[in-house]
Amino acid sequence: MWLTYNGVQRAEQYFRIRNLYNDESREVYRHIALAMRAHYFMKNGHDYLVEKGKVVLLDETDGRLKNGVKVNTGLHQAVEQKEHVKVTDNQKTAASITFPSLFGLFDKISGMSGTVKGDEDEFINVYNMKVVQIPTHKPVIRKDYPPKIYLTTSEKLMHALNDAITLHKAGRPILLVAGSVENSEIISELLLDRGIPHNVLNAFNIAREAAIVKDAGQPGAVTVATNMAGRGTDIKLGPGVKEKGGLAVIGTEMLPERVKLQLAGRAGRQGDPGSSQFYISLEDSYIAKASTKRFKKMYRKLVEKRRKGAMPKELTSPRIRLSLEMLKSRVADGEVRSRKKTNKYEVALRIQRTQFYKERAKLMNNARLERTVGNWLSEGIDDFLNTQTDWSPSQLQHLINEHFTYKEVKIPDNLMYNRKALKKYLENLCTDILKDKYKTLINTEQLNQFYRSALLTALDSCWTDQVNYLNDLRIIVEPWSLSGRDPGYIYQVKAFESYKNMLREARKKAVDNLLLSRIKLNKKNQLVVSFN
C-alpha cells in the first residue's frame, strides 16, 4: 500500500513534518504503511487469531495455528498494536532454507500423496523425481458433482446449508468445509439458527481434532471445519451410513485444485460410498484476489441484472465456468512461477550458507586459533585504515578509543602517519591488549576458548544480518524487471557483493570483540566473556 497525494499531506500535517519522504521522516512513513496494512490487510480470524494475549498467525491453506512464526519487517508488531496486546520484539532470521534445498541434503528422498499427479512436471523439474501413480486398493465410487456457482456469498451459503440440512435429515454424515476460521464460525452460527447440532473443527479447538474426526462419520453428524479437516486420517463411517450414501463433503468456497481434491478425498475411502459438492460465489476471496478487470466488469453486470430480477440465482453460463477455470489455472501458474523464483534465489543463499558453515566449522574445530586471530586482526585493521587516505593524531585517537581500547593511549610523537607505519603500530597495540587479557586466564585452553567465542560471535552476528538482507533483496530487485533487466541476475550480483562485505564487517566486529570485551573467571574458574 502507499499514500495518495492527499494522504501524504494529511500525514505531514498530523505529524508536523515538512517532507514525509526525506531521510529523517522515513521511519514515520514506514510505520504508517505498516499500520495501514495491519488494519486493512490482516484480518482477525482469517490471517491470525488473538490467543491468551498473543497474536498467532493462521495457515491460510489448512487453518492451523502457526505458533512461533512471525511476520517480519514490523508487520507483526503493527498487528499486536492494533489488537492492543503486548508488543513483542522484532525478530531477525538467523537461518533460512527452502524445502528443495533441505531435501537435497539427503542421499535418498521419496514421498507419497494422493493429489500429486497433477504436479508431476514440477516434481521432475525441481526435485528430479518421477511421480508414479499406484491404483487404489478398491475402486473409488465416490460421486464428485460439478461445482455450483452463485453471484453472492449469502446466496451460496444459503444453498449450501439447505443441501446440508437435507442430507442431515436423510441420516448422512456431513463435512461442511469453510475457507477460513472466520467463515467456519459464521456457518456454525447459521446452523445453530436452524437448530442443527454440530461440531466445529478449526484453530480454536485443535486439541479436540482427533475426537471430532472420530465422530464425524456417525449417522446424521454435522462437522464444520476449515481445510485442516481430518488430513492424514480416515473418517470411519458409523452403522448404516454406507447404505444411506456415505459421508458427504460440502465445500463453501473456491479452493486450489489440490486442496479441493484433498477435501473430496475425506469421503469415499477404501471403496466406501460418498459424495463431494462445492459451492462457489463470485465474491470468494480466492476469486477476488486473482480476478482481472474483465472479470470484475462481468461481475458488475451480473449484479445489475440481479437487481432487475432478470437472472436465476445459480449461474450456469459456460462463459462463467470457463472464466473460473482460467482464473484457477492462472493462479496455479503464478504459484509455480513464484516457487521457481524462490528456488532461483535460493541458489545464491545455498552457496553462501555452505561457505559460511565451512568457515564456522574451521573456528569450531581449530585447537590453536592464534594465527587465525592474527589474520582477522590484520584484515580488520586494513578495513579500518581503508576508510580514509589521510590520518591525523586526533582521528587515530578516535579510532583507537572506538575499536581498540577505552583506556587512554599516548600515541608516540615520532609516529609516521603513512599506511605501513599505522598498521604496524595498531598491530603492536593489539598484541599488548591481548597479552594483558591473557594474565586473567589460567591456561592457553581458556585463551583459545576466548578467541573462539569472540570470532564466532562476530561471524554469527554478521551472518544474521546477511540472511535478512538477502530476504529483503528479493523484494528490492523486483522493480528491475520494469526496465527490462533480469531481477535474478541483479540478485546474484548484489548477493555476491554483500557476502564479501559481510566478511569484511565480521573482521571489524572481531576486532571489537577481541579487544573491547571484558573477561573474568567465576568462582569455578570458568571463563565469562562480556561483549559490548
Side-chain angles (χ1 to χ4, degrees), residues 352 355-356 358-441 444 446-466 469 496-520 527 529-532:
Q352 293 187 17
Q355 189 61 34
F356 166 76
K358 282 182 180 178
E359 290 284 332
R360 207 175 187 283
K362 288 179 183 177
L363 298 178
M364 292 292 293
N365 300 325
N366 194 339
R368 299 296 297 270
L369 286 167
E370 289 88 350
R371 180 176 295 179
T372 303
V373 166
N375 292 336
W376 281 48
L377 285 173
S378 177
E379 293 174 14
I381 291 171
D382 284 335
D383 287 330
F384 286 132
L385 293 177
N386 285 338
T387 56
Q388 59 190 70
T389 54
D390 297 322
W391 288 86
S392 66
S394 61
Q395 290 171 332
L396 180 60
Q397 187 71 58
H398 179 74
L399 176 67
I400 292 171
N401 292 144
E402 191 173 4
H403 297 288
F404 290 79
T405 179
Y406 298 129
K407 297 178 181 179
E408 185 178 356
V409 176
K410 183 171 177 56
I411 300 173
D413 295 332
N414 60 349
L415 179 64
M416 302 294 293
Y417 283 83
N418 58 55
R419 173 66 179 273
K420 184 177 180 181
L422 288 174
K423 183 175 181 180
K424 185 177 180 181
Y425 171 73
L426 292 174
E427 286 180 338
N428 291 335
L429 180 62
C430 292
T431 302
D432 294 338
I433 295 171
L434 291 177
K435 282 182 179 179
D436 189 56
K437 288 181 182 292
Y438 181 58
K439 294 177 183 177
T440 309
L441 306 176
T444 55
Q446 283 189 340
L447 179 65
N448 205 62
Q449 182 183 348
F450 163 60
Y451 285 160
R452 182 179 293 112
S453 177
L455 300 185
L456 284 177
T457 301
L459 195 62
D460 290 347
S461 173
C462 291
W463 175 247
T464 301
D465 292 339
Q466 175 69 0
Y469 172 76
F496 178 67
E497 289 295 326
S498 67
Y499 187 77
K500 292 192 294 183
N501 292 335
M502 183 208 77
L503 293 179
R504 285 194 291 268
E505 192 63 31
R507 300 308 191 251
K508 290 193 285 187
K509 283 195 175 184
V511 174
D512 292 351
N513 290 347
L514 288 165
L515 304 180
L516 298 179
S517 58
R518 297 181 299 278
I519 62 174
K520 64 179 181 179
L527 177 65
V529 185
S530 300
F531 299 115
N532 290 333

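To the nearest 0.5 Å, atom CG of residue Asn386 and atom CD of residue Glu379 are 11.5 Å apart. A distance of 10.5 Å separates CG of Leu434 from CD of Glu370, quoted to the nearest 0.5 Å. To the nearest 0.5 Å, atoms CG (Leu385) and NZ (Lys420) are separated by 14.5 Å. To the nearest 0.5 Å, the span separating CG on Leu527 from CZ on Phe450 amounts to 8.0 Å. The OG atom of Ser461 sits 12.0 Å away from atom CD of Gln466, with the distance rounded to the nearest 0.5 Å. The CD atom of Glu408 sits 7.0 Å away from the CD atom of Gln397 when rounded to the nearest 0.5 Å.
Thr440 and Lys520 are not linked by any side-chain donor-acceptor pair at a separation below 3.5 angstrom, with hydrogens and angles left out of the test. Lys423 and Ser378 share a side-chain donor-acceptor pair at under 3.5 Å.
Across all their heavy atoms, Ser498 and Tyr469 have their closest contact at CB-CE2, 3.4 Å. Taking both residues in full, the closest heavy atoms of Cys462 and Lys509 are given as SG-CD, 3.7 Å, listed atom of the first, atom of the second, then distance. Nearest heavy atom pair, residue Thr387 against residue Phe384, reads OG1-O, 2.6 Å.
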List the steps, then state whether side chain to side chain contact (heavy atoms under 4.5 Å, CB included) holds for Glu359 with Leu459. CA-CA 9 Å; Glu359 290 284 332; Leu459 195 62; 4.3 Å; yes

Verify side chain to side chain contact (heavy atoms under 4.5 Å, CB included) between Leu515 and Thr405, making sure each step is shown before the conclusion. CA-CA 6 Å; Leu515 304 180; Thr405 179; over 6 Å; no

Can you check side chain to side chain contact (heavy atoms under 4.5 Å, CB included) on Ile411 and Tyr425, steps first, answer last? CA-CA 9 Å; Ile411 300 173; Tyr425 171 73; 4.0 Å; yes

Could you please spell out the steps behind the side chain to side chain contact (heavy atoms under 4.5 Å, CB included) verdict for Leu377 and Thr431? CA-CA 10 Å; Leu377 285 173; Thr431 302; over 6 Å; no

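More than 12 heavy atoms of other residues, nucleotides or ligands sit less than 6.0 Å from atom NZ of Lys500.
Counting heavy atoms from C-beta on, the side chains of Arg507 and Arg504 never come closer than 4.5 Å. Looking only at side-chain heavy atoms (C-beta outward), Asp436 and Lys439 come within less than 4.5 Å of each other. Between Ile381 and Leu422 there is no side-chain heavy-atom pair separated by less than 4.5 Å. Between Leu396 and Leu415, some side-chain heavy-atom pair lies under the 4.5 Å cut-off. Using a 4.5 Å heavy-atom cutoff, the side chains of Asp460 and Arg360 are in contact.
Checked by atom type and distance alone, the side chain of Gln395 pairs as donor or acceptor with a backbone atom of Ser392 at under 3.5 Å. In this structure a side-chain-to-backbone donor-acceptor pair under 3.5 Å is missing from Lys407 to Asn401.
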Compile the donor-acceptor pairs under 3.5 Å between side chains in residues 451-458 and protein atoms, sequence neighbours left out, one pair per line.
from   : atom 1 : to     : atom 2 : distance (Å)
Arg452 : NE     : Leu363 : O      : 3.0
Arg452 : NH2    : Asn366 : O      : 2.7
Thr457 : OG1    : Ser453 : O      : 2.7

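Under the 4.0 Å criterion applied to side-chain N and carboxylate O atoms, Arg419 and Asp382 are assigned as salt-bridge partners. Salt bridge annotation for Glu427-Lys424: absent, with no cationic side-chain nitrogen under 4.0 angstrom from a carboxylate oxygen.
In terms of the ring pair (Phe, Tyr, Trp, His ring centres under 6.0 Å) criterion, Phe404 has no residue partners (sequence neighbours excluded).
Below 30°, between 30° and 60°, or above 60°: for Tyr499 and Trp463 the angle between ring planes is above 60°, a perpendicular geometry.
Taking the six-membered ring for Trp and the full ring otherwise, the centers of Tyr417 and Trp391 sit at least 6.0 Å from each other.
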